[in-house]
Amino acid sequence: MYVQGIINPFKGKIGVISNFENVKCLDDAVTLFDQMVRTKPLPSVVDFSKLFKTLLNMKHYSAVVSLFREMQTLGITINGFILSIVINSYCLMHRVDYAFSVLPIYLKNGIPFNVVTFNTLMRGIFAENKVKDAVELFKKLVREKICEPNEFTYATVMNGLSKTGHTDKTLSLLRLMEQGSTKPDIFIYSIVVDALCKDRKFDAAIDLLNEMKQKGVPPNIVTYSSLIDGLCKSGQWEKVKTFFSEMVNLNIYPDVRTFNIVIDGLYKEGKVEDAEEVMKHMAGKGVEPDIITYNTIMDGYCLCGQRDRARRVFDSMIDKNIEPDIISYNNILINGYCKEKKVDEAMQLFREISHKGSKPNTVTYNTILQGLFEVGRIGDANFFYAEMLSAGHILDLYTLCTLLDGYFKYRLVEEAMSLFNKLERKMEHTSIELYNVVINGLCKNGKLDKAHEIFEKLSLIGVLPNVRTYTIMINGFCLEGLLDEAKDMLRKMEDNGCLPDDVTYNVLVQGFLRSSKISETATFMTEMAGRGFSFNATTAELLVKAISEKPSVLDMIPELHSRIMK
DNA sequence: TTAGGGTTAG
């Protein structure tokens, strides 16, 4: 029994007290809804919005929509709270078009739009990667004074921008806010710190952290976790320790998320023992592992080639009554099968998952798609992609990159370009990562001119090349023996404030070595050493080859000499 | 006394 009628002695009428905490699943919610609509007098609109919020939290977005329609059919009063929950549901279903179609309902019912309406819509637009549309809406709100943007508005826009690679714009908005009346709060600062870390601008992130302290907006657990994540991913373990201690000294205690971040970082670097040490520390501090901890551990073991151990962890999870989720399946079982090139087993498991109560998600599809391409089963990959589309699955950037990369890898340039052109026309997925795949694919298939053309177009369409884009172009030029162009590109990237990384230098060195330009190779190697970058396997192989063909190479490259001595 | 913002998986 979820609804209890009680007499409210002050108002003298029957009110409904609903215990929404008892609503555990979709059935409970629908039962409660049915009871509510039959109660006389009707429960308040507040009760209905609480129920809708509960459904939203349980991710039953389409249920929100259908119950909302039923309310309308029954002529039950609605309000702005309910409408924004409906808009949010559509947005979370990646149907921002339907979300917009809710706007006329405001007008019909005389409910004014407010800043929440637009914040929710903007988040939905960003979720579909329509950066330009979102920014346009933001500007329109400000320009036409439709509503006053608040901290939430800025947070939404800045998060959307940073997640699509526009860290610089995020930073300018921060500075703009500091001048204006809506001052940046802890959410805003945390978004910028995270953006800077994802952009590998750690010094800037640390500067901002200090700036926060000075401005009286002290960093919290999220800010520190973001920074620690960035530092883990870039292998700066000393700094990880520093900030870990710093936060504890400030009485900000690492939570399960912080620990998961560190454990994940350690496994990704193959530091299994350190990861286990951190887990012990975590247990000692009384922080309970969650499902993500287990998934991280399993993923970590798989990465270190200890797949059997991961399956143990899998079993122990079940023993501890922690239900494996779709990520557990994705990370260890499906991904494991795919890595072992046992795609049929992966497919079979994929079919079984839904019977076990989990639902394959986009990552599941992407993993299998990638697995199929990996073993060259292009026809099956296409078939699987079609299945994904017809099942109404959301394609993410990874899906598209996997498809394009797969096509290019098997020299299916026309298929790749036709898919890319279709995507570009829709202009929904303008992300540098997607362009990187296309530019790389074209370069590797001997279509440097076309690749260059797309590269040049990037700035016109507002997509910023990143270090990988430049490296891909440099590699493209090197493959064609156009070493001057490769060097020009290196200069260009530095002029544009994009610093070359170890991959860039390895690519350059390989290009010059292949053309036997030893003295220039030596120059780049010295630069590499100065920046603390090391050779990768391919570079080392080429070097060995060059030396065996011509031993004097060794003397021409002093840098190499000292390294070999070491 | 009901709506909208930040950190971890491929």
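Keep in mind that this is a model prediction, so the values were computed, not measured.
- Within the 4.0 angstrom heavy-atom criterion, no nucleotide atom of any strand lies near A/Thr364.
- In this structure, of B/dG5, B/dT7, B/dA9, it is B/dT7 that holds the atom nearest to the side chain of A/Val222.
- We find that CG of A/Leu51 is positioned 14 Å from C1' of B/dA3, with the value rounded to whole Å.
- Within the 4.0 angstrom heavy-atom criterion, only backbone atoms of the sugar-phosphate kind lie near A/Ser226; the bases stay farther away.
- Taking the six-membered ring for Trp and thresholds of 30 and 60 degrees, A/Phe259 and A/Phe244 have ring planes more than 60 degrees apart, a perpendicular arrangement.
- Note on A/Lys198: every side-chain N or O is 4.0 Å or more away from OP1 and OP2 of B/dG6.
- For the 3.5 Å distance criterion, the side chains of A/Asn361 and A/Asn330 qualify, holding a donor opposite an acceptor.
- The side chain of A/Lys53 contributes an N or O atom lying less than 4.0 Å from OP1 or OP2 of B/dA3.
- Within the nucleic acid shown, A/Asn295 has no heavy atom closer than 4.0 Å to any nucleic acid atom.
- Taking atom OH of residue A/Tyr189 and atom C1' of nucleotide B/dG6, one finds them 14 Å apart after rounding to whole Å.
- Nearest to the side chain of A/Arg123, among B/dA3, B/dA9, B/dG5, sits B/dG5.
- One can place CG of A/Asp229 at 11 Å from C1' of B/dA9, the figure rounded to the nearest angstrom.
- Nearest nucleotide to the side chain of A/Lys268, out of B/dT7, B/dA9, B/dG5: B/dA9.
- Nearest to the side-chain atoms of A/Thr120 among the listed nucleotides B/dG6, B/dG5, B/dG4 stands B/dG4.
- Distance A/Leu227 CG to B/dT8 C1': 15 Å, rounded to the nearest Å.
- A salt bridge links A/Arg175 with A/Glu211: at least one charged nitrogen is closer than 4.0 Å to a carboxylate oxygen.
- Side-chain atoms of A/Asn260 lie closest to B/dT8 of the nucleotides B/dA3, B/dT8, B/dT7.
- For A/Asp194 and B/dG6, the CG to P distance is 10 Å, given to the nearest whole Å.
- Set against B/dG6, B/dA3, B/dT7, the side chain of A/Arg257 has B/dT7 as its closest nucleotide.
- A/Asn150 contributes no side-chain N or O that forms a donor-acceptor pair with the base of B/dG5 under 3.5 Å.
- Atom pair A/Tyr106:OH and B/dG4:P shows a separation of 11 Å (rounding to whole Å applied).
- No contact: A/Val262 has no heavy atom under 4.0 Å from any strand.
- By the 5.5 angstrom centroid cut-off and the 30-degree plane limit, A/Phe152 is classified as stacked against the base of B/dG4.
- OP1 or OP2 of B/dG4 has at least one side-chain nitrogen or oxygen of A/Asn88 nearer than 4.0 Å.
- Closest approach to the A/Val46 side chain among B/dT8, B/dT2, B/dG6 is made by B/dT2 (side chain taken as heavy atoms from C-beta onward).
- If you check every strand for non-hydrogen atoms under 4.0 Å, A/Ile334 touches nothing.
- Distances from the side chain of A/Ile292 to the nucleotides B/dT8, B/dT2, B/dG4 place B/dT8 closest.
- Using cut-offs of 30° and 60° for the angle between ring planes, the A/Phe33 and A/Phe48 rings count as perpendicular.
- Residues A/Ile125 and A/Ala134 come closest through the heavy atom pair CG2-N, 3.6 Å.
- Taking the centre and axis of the six-membered ring of A/Phe126, the NZ or CZ atom of A/Arg123 falls outside the cone set by 45° and 6.0 Å.
- Contact check, A/Lys163 against B/dT7: a side-chain N or O comes under 4.0 Å of OP1 or OP2.
- Of all nucleotides listed (B/dG5, B/dT2, B/dA9), B/dT2 comes nearest to the side chain of A/Ser49.
- A/Glu374 has no carboxylate O lying under 4.0 Å from a charged side-chain N of A/Lys339, or vice versa, which leaves the two without a salt bridge.
- At whole-Å resolution of the value, CD1 in A/Ile297 and P in B/dT8 are 18 Å apart.
- Listed nucleotides: B/dA3, B/dG6, B/dT1. Nearest to the side chain of A/Asn159: B/dG6.
- Taking atom CD1 of residue A/Ile87 and atom P of nucleotide B/dT2, one finds them 20 Å apart after rounding to whole Å.
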